Amino acid sequence: MELKDVVVWNIMISGYASKGDLNRALNYFKGMKLAGVQPDRVTWNSIISGYSQKGKFEEASNFFFKMRALTDFKPNVVSWTALITGNEQNGCSYRALQVFSQMIMERVKPNSITIASAVSACTNLSLLRHGKEIHAYCIKTDALVSDLLVANSLVYLYAKCRTVEVARRKFNSIKQKDLISWNAMLAGYAQKGCREETFELFNEMKSLGVEPDVITWNGLITGYNQNGDGIMALEFFYRMCETNTKPNTITLSGALAACSLVKDLKLGKEIHGFVIRKQIELSTGVGSALITMYSGCDHMEWACSVFNVLSNKDVVVWNSIISACAQHGQGVGALNFLRGMVISDIEPNMVTIVSVLPACARLTALRQGKEIHQFIIRRGFDMHIAIWNGLIDMYGRCGLIKKARRVFDFIPERDIVSWNTMIAGYGMHGFGMDAVNLFLHLRSSELKPNHFTFTNLLAACSHSGLIDEGWKYFEMMKSEYAMYPAIEQYACMVDLLARAGHFDESLELIKEMPFEPNAAVWGSLLGACRIHCNPELAEHAAGYLFELEPMYSGNYILLANIYSAAGRWGDAAMIRCLMKERGVTKPPGCSWIEVKRRVHSFIVGDTSHPLVHEISAKMDSLLSKIKEIGYVPDTNFVLQNLKEGEKEDSLCGHSEKLAIAFGLISTPSGTPLRIIKNLRVCGDCHEATKFISKLTEREIIMRDCYRFHHFAEGVCSCGDYW
DNA sequence: CTAGGGTTAG
């Protein structure tokens, strides 16, 4: 065999390279040189594109540079474009754009494929500004703007970046629309939630004789899912089922996601059945959609059984089950699955972190939270803003509000969620003025506060009794931001006014607000009645609450406590009977404290801890000492009608006191104690803890189910309003 | 030799 023509070699090489078999392609590449045939630009480009498509950019750019160094021909537009499309399709859009600008700087003229790919990269990154620049470049340099490929990519860009009107103008300007143009515009309307426009355009398309394909339907379904509109997503799923179009796995995932949104368990199960009947292999995509669907419909057991059945568990499947646990308050489960994932050699990614941080926050699992923070730093993840925000939340909820602030200050580009989370953190710690100051800071930034900002800010004012500030920002919301207060903000204001004892004003606000009062509103009022000892109003509020959330024990307990405090023992007993009648049970008070990497939990009246004698001795000596400096046990918080001495004993057994006593004997003096309680902190314990903090010169940080209490030098950060 | 649309987890 003599010299083969370079074209024949190229066909072999490009064939293998485009199939991803780079080894074969390289063998032929070497082979042709041995045979004395010089590779040409097409040969080099085939290899570059093969590596680039596989996401092996180091190899791709090595050949790119070798081509420049070893040959007479420079990389041409195809070589550059191969690098750009490869990066874009492998989730490295940012690098794709870097390559693109490098190419422009070297004065290589892009073609329509290059431009479309660069615009797609902008779309992936939501870089509207950048995309517009590329658009402008097209207009300035040549007629590429009218190229169908480019035009379609621009419709996607403008639709995705929330300027659907601009997308429509671009769409209208396309003379010969293809199916992809229609799909782009329809998906854009779906993502933006424009129901009418979607239907209109859809009908227009059909009247012109253009038939939707599976991607049209999928774009509509997933678009509406992204918009949170499961009803429309299912509408289009049903419509598709009436046609001859066969659903694929993406359709099924989309339909399952919609089921989860609207909690349509019945349809979800039908689709699951369909998957089994048709023997569609349970791909990781459909598998994770099933997990999410069952979890969204509150069937965690089934979510777990789908998880167990899946033979191929990729990072998305693990993330699905982790976030399912986290969303159902199963923090321990979430952390267990995280461990399972690591053991199975699946690398956690950004989404894993974002899902698992709230679980740590809720568990106050500071140690795991810190480990995850370390892990993020070690792995050198791109710090997605959601991770930063998760860290703020985690540190805030674990009681390290200063650390939370340090994270906040460290974020290069904060979004509104960062500010909202930080404001909420200050609020739950009772640092109302810090929350207000941060809000003022936010006002001077270019970000716009949203409804959550005001909810968190007003809640912070309320936790700190900042009445004037509360009114001011409540009014500012309307006057300066043209935002109508929602029921959440009204609830905060009712809470703020009632806590301060301004019951008339708060009742007036309830009357005047354009919503039916909900449990949060009446609950605020009831809580305030405890502080100000107002059993009459408490009865009124509790009446509504018993209707709205009949099984929540907290309301009954609160009302019973209020009756007891007013000496109305008979009424208090009646409430306990009512609870029994309705089968409402009060979860036992439980407190946790972490000492030397171990979490110790104490249940009310608990005698099971190994150090029970030491704890009880410590408690006795503490109580007699704090009584000397002014503590008076408040037996109103004992529900049972016991004798005075017995009531005092029963108070000593409260879980938060046990945890404090244990913390004091098992940590060196001066160490702050961090305690978490599952219920609202008891009034007597609150009083006692203030004295204990003074006596022992310890900082005691206690989180109950509503907020943080920082006890130091005999006072609490809540100012006794909680 | 480069080639545009729908993709599960937050």
Side-chain angles (χ1 to χ4, degrees), chain A residues 7 10-11 13-15 17-18 25 39-50 52-53 75-86 88-89 110-117 119-120 123 147-156 159 178-188 190-191 212-223 225-226 247-254 256-257 260 283-293 295 314-324 326-327 348-358 384-387 389-390 417:
Chain A
V7 177
N10 281 348
I11 290 171
I13 291 169
S14 74
S18 63
D40 68 0
R41 186 143 48 190
V42 175
T43 327
W44 285 91
N45 282 347
S46 300
I47 304 278
I48 292 168
S49 119
S52 187
Q53 275 173 0
N76 66 354
V77 57
V78 176
S79 336
W80 285 96
T81 304
L83 289 184
I84 293 167
T85 56
E88 192 260 315
Q89 285 163 12
N111 62 21
S112 61
I113 298 170
T114 326
I115 297 290
S117 203
V119 172
S120 291
T123 309
D147 184 278
L148 187 57
L149 204 65
V150 174
N152 287 345
S153 74
L154 284 169
V155 174
Y156 267 100
D178 64 0
L179 185 56
I180 294 171
S181 322
W182 291 96
N183 287 352
M185 198 60 234
L186 284 169
Q191 280 162 21
D213 68 354
V214 64
I215 296 179
T216 319
W217 297 108
N218 288 349
L220 288 164
I221 295 168
T222 53
N225 278 341
Q226 279 168 34
N248 60 18
T249 56
I250 293 171
T251 323
L252 297 175
S253 303
L256 287 168
S260 166
S283 67
T284 57
V286 177
S288 45
L290 279 169
I291 293 172
T292 309
M293 185 276 292
S295 149
D314 66 358
V315 62
V316 178
V317 171
W318 283 99
N319 288 349
S320 306
I321 195 76
I322 289 173
S323 91
Q327 279 163 13
N349 66 10
M350 246 166 44
V351 177
T352 321
I353 305 297
V354 174
S355 317
V356 94
L357 276 176
H384 193 274
I385 187 67
I387 295 185
N389 296 343
V417 179

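For clarity, every value in this text was computed on a predicted model and none was experimentally measured. Chain naming here is simple, since letters A, B, ... match the order of the sequence lines and numbering starts at 1 in each.
The main-chain N or O of A/I221 is never found under 3.5 Å from a side-chain atom of A/N218 such that the two would form a donor-acceptor pair. Counting only distance, with no hydrogens or angles, the side chain of A/S355 and the backbone of A/V351 share a donor-acceptor pair below 3.5 Å.
A/E88 comes within contact range of no nucleotide atom at all, as no heavy-atom separation falls under 4.0 Å. A/N10 comes within 4.0 angstrom of no nucleic acid atom, judged by non-hydrogen atoms across all strands. Nucleic acid contact class of A/N111 (heavy atoms, under 4.0 Å, all strands): base. Contacts of A/D178 with the nucleic acid, taken as non-hydrogen atoms under 4.0 Å apart, include base atoms. Within the nucleic acid shown, A/Q327 comes within 4.0 Å of sugar-phosphate atoms alone, with no base atom in reach, counting heavy atoms only. Heavy atoms of A/T292 sit under 4.0 angstrom from primed sugar atoms or phosphate atoms, though from no base atom. In this structure, A/L220 reaches neither bases nor backbone, as no heavy-atom distance under 4.0 Å exists between it and the strands shown. Residue contacts for A/S320: at a heavy-atom cut-off of 4.0 Å it reaches the sugar-phosphate backbone alone, with no base atom in range.
In this structure, the side chains of A/I48 and A/V78 stay at 4.5 Å or more apart for every pair of heavy atoms. Looking only at side-chain heavy atoms (C-beta outward), A/L256 and A/S253 stay at 4.5 Å or farther from each other.
For the side chain to side chain contact (heavy atoms under 4.5 Å, CB included) with A/N111, the lone residue among A/L149, A/V150, A/D147, A/T81 that qualifies is A/T81.
Think of the region where chain A sits on DNA chain B: with heavy atoms and a 4.0 Å cut, that region ends 5' and 3' at B/dC1 to B/dG10.
Every side-chain contact (heavy atoms from CB on, under 4.5 Å) that A/S49 has, sequence neighbours left out, goes to A/Q53, A/A82.
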